Peer 1: 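Please read through the structure below; I'll follow up with questions.
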Amino acid sequence: MRKNDFVIIMAGGIGSRFWPMSRSSYPKQFHDILGTGKSMIRMTYERFLEYIPRENILIVTHRRYRDLVKTQLPEVQDSEILLEPVGRNTAPCIAYASFKIRQRNPQANVLVAGSDYLILNTEKFRKDVELGLDEASKEPVIITLGIPPTRPDTGYGYIQFHEPEEGDNPPYFQVKTFTEKPDLEMAKTFLNSGDFLWNSGMFIFSLPTILSAFEAYMPDLYDIFEGIHRRLDTDEEAAAIEDAYSRCRNDSIDTGVMEKAQSENIYVIPASFDWSDLGTWGSVYEHVDQDYLGNAVSGNVVVYDSTSNLVRMADQGKLVVLNGLNDFIVVDTGDVLLICKKENEQGIKGVVADVRKRFGEDWV
């Protein structure tokens with residue numbers, strides 16, 4: 001076991017692009033999306049248990065999901081669940097967990113990961129993670145895991161890396177630029193260039209390195225958590241975090257640290273494993289069984305003259321008939337029916353915002 005290594009699992013997101021299955025009361029990380037018998041957060045947790053001590057795996061989530069975490073991960077202790085009073089994006093989440101870890105091991109090495117990734121080739125994943133942790137323990141670097149792109153996807157951020165010198169074959173590369181979710185034409189340019197990777201959202205660093213980065217690039221955030229750190233792991237922690245988050249801006253680690261520090265000590269390991277963030281229904285479609293016409297259906301579904309559709313039904317007693325439908329997403333949760341062309345799935349997040357504005361919180 002790697003006793004000096006810690007994992008921060010971020011599990012507070014709502015997953016609005018995965019609506020209507022993913023709701024604010026029961027977001028996607030707690031669903032068995034692929035029909036494996038395990039939720040995404042359960043699969044993520046077990047993936048790290050093989051080489052990270054259980055007590056070194058921290059779950060950061062919204063406080064409304066505490067009971068869901070406890071139900072799906074019953075072996076996790078209360079001290080290993082960090083409860084956010086409100087979502088403030090990834091920078092405050094990582095800062096909170098980092099200061100918490102500092103109380104236990106000021107020289108720790110840390111991996112940050114989402115709770116809802118699909119990762120195949122888990123041995124290759126472990127190899128890449130351990131490479132990053134080993135390097136972070138020796139050098140003041142922040143390492144991200146980049147995914148070789150397979151299509152010009154506009155739903156991911158992109159990382160451009162410096163090409164190695166001729167004859168060199170390093171295991172990781174210095175980052176040149178970060179680009180957040182480009183338009184389609186720009187994504188095509190990135191794909192064709194050969195020196196861009198998808199940003200997986202996984203980061204590796206030593207605790208001194210990330211805290212120095214927060215102090216240098218996000219001093220307001222650093223000061224907030226430095227000011228409350230003595231109250232962590234005490235009876236005052238919940239009140240301290242309530243106060244801290246009331247003063248935190250909504251900032252991502254990408255824009256707050258990575259983009260500012262990229263010319264200095266930010267590196268990327270091109271992933272050797274298969275990865276998907278399962279962020280959209282289209283990404284789920286790619287990883288589930290399909291019939292000979294490319295339809296991926298669950299439940300009582302009869303198909304006529306229809307191809308390449310994804311159909312998910314919560315009510316297994318309902319009969320659904322598709323006739324003349326091609327390349328659609330159809331999701332019925334009982335109280336919501338979504339029918340959407342696959343090519344428009346990036347707009348589901350906007351639909352959720354419209355539903356909230358028109359009808360309140362009942363359906364989101």
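Because the structure is predicted, anything quoted here is derived from the model rather than measured.
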Peer 1: Checking the side chain of Asp32 only, and the main-chain atoms of Gly35 only, is there a donor and an acceptor separated by less than 3.5 Å?
Peer 2: yes

Peer 1: I would like to know whether Ile143 and Phe203 meet side-chain contact (heavy atoms from CB on, under 4.5 Å); could you show each step before the answer?
Peer 2: CA-CA 6 Å; Ile143 298 173; Phe203 305 100; over 6 Å; no

Peer 1: Determine whether Ile41 and Ile59 make a side-chain contact, defined as any pair of heavy atoms from C-beta on separated by less than 4.5 Å.
Peer 2: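 SC-SC contact between Ile41 and Ile59 confirmed.
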
Peer 1: Using only heavy-atom distances, determine whether the side chains of Asn326 and Asn309 contain a donor-acceptor pair under 3.5 Å.
Peer 2: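 Checked: Asn326/Asn309 side chains show no N/O donor-acceptor pair below 3.5 Å.
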
Peer 1: Under 4.5 Å between side-chain heavy atoms, counting indirect links through other Ile/Leu/Val/Met/Phe/Trp/Tyr residues: same cluster for Phe196 and Met202 or not?
Peer 2: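 Yes: a chain of side-chain contacts under 4.5 Å links Phe196 to Met202.
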
Peer 1: Taking the side chain as every heavy atom from C-beta outward, state whether Met258 and Thr144 have any pair of such atoms under 4.5 Å apart.
Peer 2: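 When only atoms from C-beta onward are counted, Thr144 and Met258 do not touch, as no gap falls below 4.5 Å.
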
Peer 1: Show me the pairs that pass salt bridge (charged side-chain N to carboxylate O under 4.0 Å, His left out) and involve residues 270-283, at least two apart or across chains.
Peer 2: Arg17-Asp277

Peer 1: Is a donor on one side and an acceptor on the other found under 3.5 Å between the side chain of Asn199 and the backbone of Gly146?
Peer 2: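 Pair absent, no side-chain N/O of Asn199 close to backbone of Gly146.
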
Peer 1: Verify the distance criterion only: is there a donor paired with an acceptor across the side chains of Ser206 and Thr209 at less than 3.5 Å?
Peer 2: yes

Peer 1: Using 0.5 Å steps for rounding, measure from the CG atom of Asp289 to the CG atom of Asn295.
Peer 2: 13.0 Å

Peer 1: Taking the side chain as everything from C-beta on, heavy atoms only, tell me whether Ile57 gets closer than 4.5 Å to Leu49.
Peer 2: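 Side chain of Ile57 against side chain of Leu49, heavy atoms only: contact under 4.5 Å found.
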
Peer 1: Could you tell me whether Arg88 and Asp251 have a side-chain N and a carboxylate O separated by less than 4.0 Å?
Peer 2: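 Salt bridge flag = no for Asp251 with Arg88.
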
Peer 1: Tell me, yes or no, whether the heavy-atom count around Arg249 atom CZ, taken from other residues, nucleotides or ligands under 6.0 Å, exceeds 12.
Peer 2: no

Peer 1: If we ignore hydrogens and angles and just use 3.5 Å, is the side chain of Ser22 paired with the main-chain N or O of Lys28 as donor and acceptor?
Peer 2: yes

Peer 1: Could you label the plane-to-plane angle of the Phe18 and Trp281 rings as parallel, tilted or perpendicular, counting under 30° as parallel and over 60° as perpendicular?
Peer 2: parallel

Peer 1: Would you kindly say whether Tyr172 and Glu135 are connected by a side-chain donor-acceptor distance under 3.5 Å?
Peer 2: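 Indeed, the side chains of Tyr172 and Glu135 share at least one donor-acceptor pair under 3.5 Å.
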
Peer 1: Within the 4.5 Å heavy-atom criterion, are Trp275 and Leu118 side-chain neighbours or not?
Peer 2: no

Peer 1: For the pair Lys342 and Tyr285, evaluate side-chain contact (heavy atoms from CB on, under 4.5 Å) and give the outcome as yes or no after the intermediate values.
Peer 2: CA-CA 10 Å; Lys342 281 188 202 168; Tyr285 173 81; 3.2 Å; yes

Peer 1: Using a strict 4.0 Å threshold on nitrogen-to-oxygen distance, state whether Arg230 and Glu236 make a salt bridge.
Peer 2: no

Peer 1: Indicate if Trp198 and Leu120 have the same hydrophobic cluster label, given that clusters are the connected sets of ILVMFWY residues with side-chain heavy-atom separations under 4.5 angstrom.
Peer 2: no

Peer 1: Side-chain contact, heavy-atom cut-off 4.5 Å: Phe48 with Ile9?
Peer 2: yes

Peer 1: Going by the angle between their ring planes, with limits at 30° and 60°, are His31 and Tyr26 parallel, tilted or perpendicular?
Peer 2: perpendicular

Peer 1: Decide if the gap between the ring center of Phe99 and the ring center of Tyr222 is smaller than 6.0 angstrom.
Peer 2: yes

Peer 1: Under 4.0 Å between a Lys/Arg side-chain N and an Asp/Glu carboxylate O for Arg42 and Glu75?
Peer 2: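 Salt bridge present between Arg42 and Glu75.
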
Peer 1: Could you pull out every donor-acceptor pair under 3.5 Å between side chains of residues 102-115 and any protein atom, sequence neighbours left out?
Peer 2:
unit_1 : atom_1 : unit_2 : atom_2 : d
Arg102 : NH1    : Glu226 : OE1    : 3.3
Arg102 : NH2    : Glu226 : OE1    : 3.1
Gln103 : NE2    : His229 : O      : 3.4
Arg104 : NH1    : Glu55  : O      : 3.1
Arg104 : NH2    : Glu55  : O      : 2.8
Arg104 : NH2    : Asn56  : OD1    : 3.3
Asn105 : OD1    : Gln107 : N      : 3.1
Asn105 : OD1    : Ala108 : N      : 3.2
Asn105 : ND2    : Asn4   : OD1    : 2.6
Asn109 : ND2    : Asp5   : OD1    : 3.1
Ser115 : OG     : Met10  : O      : 3.1

Peer 1: So, does Glu80 use its side chain to make a donor-acceptor pair with the main chain of Gln77 at under 3.5 Å?
Peer 2: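 Flag set: sc Glu80 to bb Gln77 pair under 3.5 Å.
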
Peer 1: How many angstroms lie between CD in Glu215 and CG in Asp223, if you round to the nearest 0.5 Å?
Peer 2: 7.5 Å

Peer 1: Going from CE on Met40 to OH on Tyr117, what distance comes out if it is rounded to the nearest 0.5 angstrom?
Peer 2: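 OH of Tyr117 is found 10.5 Å from CE of Met40.
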
Peer 1: When you compare the side chain of Leu310 with that of Val330, does any pair of heavy atoms fall below 4.5 Å?
Peer 2: no

Peer 1: Quick one about Arg23 and Thr333 (side-chain donor to acceptor, distance below 3.5 Å, no hydrogens or angles considered), yes or no?
Peer 2: yes

Peer 1: Are Ser252 and Asn89 close enough that a side-chain donor and a side-chain acceptor fall under 3.5 Å?
Peer 2: no

Peer 1: Does one hydrophobic cluster hold both Val268 and Leu133, with members joined at side-chain heavy-atom distances below 4.5 Å?
Peer 2: no

Peer 1: Is there a side-chain contact (heavy atoms from CB on, under 4.5 Å) between Arg2 and Asp134? Walk through the geometry before answering.
Peer 2: CA-CA 10 Å; Arg2 303 176 62 97; Asp134 289 342; 2.6 Å; yes

Peer 1: Less than 4.5 Å apart, any side-chain heavy atom of Leu278 and any of Leu34?
Peer 2: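 Heavy-atom side-chain distance check passes, below 4.5 Å.
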
Peer 1: Show your working on ring pair (Phe, Tyr, Trp, His ring centres under 6.0 Å) between Tyr267 and Phe205 and close with a plain yes or no.
Peer 2: CA-CA 10 Å; Tyr267 291 82; Phe205 43 74; over 10 Å; no

Peer 1: Does a side-chain heavy-atom distance below 4.5 Å link Phe214 with Pro219?
Peer 2: no

Peer 1: Report the residue from Glu345, Arg312, Lys341 that forms a side chain to side chain contact (heavy atoms under 4.5 Å, CB included) with Ile329.
Peer 2: Glu345

Peer 1: Please report the interatomic distance CG(Asp243) to CD1(Ile224), rounded to the nearest 0.5 Å.
Peer 2: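 Taking CG in Asp243 and CD1 in Ile224, the distance rounds to 8.5 Å.
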
Peer 1: Spell out, as yes or no, whether a donor-acceptor pair under 3.5 Å connects the side chain of Ser283 to the backbone of Thr280.
Peer 2: yes

Peer 1: Give a yes or no on whether the backbone of Leu145 and the side-chain of Ser200 come within a donor-acceptor separation of less than 3.5 Å.
Peer 2: yes

Peer 1: Please answer: with hydrophobic residues joined when any side-chain heavy atoms are less than 4.5 Å apart, are Ile52 and Leu207 in the same cluster?
Peer 2: no

Peer 1: Quick check for you: to the nearest 0.5 Å, what is the distance between Ile348 atom CD1 and Cys340 atom SG?
Peer 2: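 Between atom CD1 of Ile348 and atom SG of Cys340 there are 4.5 Å.
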
Peer 1: Using a strict threshold of under 4.0 Å (side-chain N to carboxylate O), is an ion pair present between Lys70 and Asp78?
Peer 2: yes

Peer 1: List the residues meeting salt bridge (Lys or Arg N to Asp or Glu O under 4.0 Å) with Lys318, not counting sequence neighbours, and say none if there are none.
Peer 2: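 Once residues adjacent in sequence are excluded, the partners of Lys318 under the salt bridge (Lys or Arg N to Asp or Glu O under 4.0 Å) criterion are Asp332.
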
Peer 1: Just by distance, do the side chain of Gln29 and the backbone of Ala11 share a donor-acceptor pair under 3.5 Å?
Peer 2: yes

Peer 1: Using the rule that two of Ile, Leu, Val, Met, Phe, Trp, Tyr join whenever any of their side-chain heavy atoms come within less than 4.5 Å, decide whether Ile159 and Ile210 are in one cluster.
Peer 2: yes

Peer 1: Is it the case that atom CZ in Arg358 sees more than 12 heavy atoms from other parts of the structure closer than 6.0 Å?
Peer 2: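 Result for CZ/Arg358: open.
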
Peer 1: Could you go through Phe125 and Asn121, starting from their C-alpha distance and side-chain angles, then the distance that decides it, and tell me whether this counts as side-chain contact (heavy atoms from CB on, under 4.5 Å)?
Peer 2: CA-CA 6 Å; Phe125 173 68; Asn121 318 113; over 6 Å; no

Peer 1: Drop me the distance from Leu83's CG to Ile241's CD1, to the nearest 0.5 angstrom.
Peer 2: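 Spacing of CG (Leu83) from CD1 (Ile241) equals 10.0 Å.
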
Peer 1: Only one of Phe161, Tyr156, Tyr158 clears ring pair (Phe, Tyr, Trp, His ring centres under 6.0 Å) with Phe190; which?
Peer 2: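 So, applying the ring pair (Phe, Tyr, Trp, His ring centres under 6.0 Å) to Phe190 and each of Phe161, Tyr156, Tyr158, only Tyr158 qualifies.
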
Peer 1: Among side-chain atoms of Glu84 and Tyr245, is any donor-acceptor pair under 3.5 angstrom?
Peer 2: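 Yes.
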
Peer 1: If you measure from the Lys or Arg side-chain nitrogens to the Asp or Glu carboxylate oxygens, is any gap between Glu242 and Arg247 under 4.0 Å?
Peer 2: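 No, this pair does not count.
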
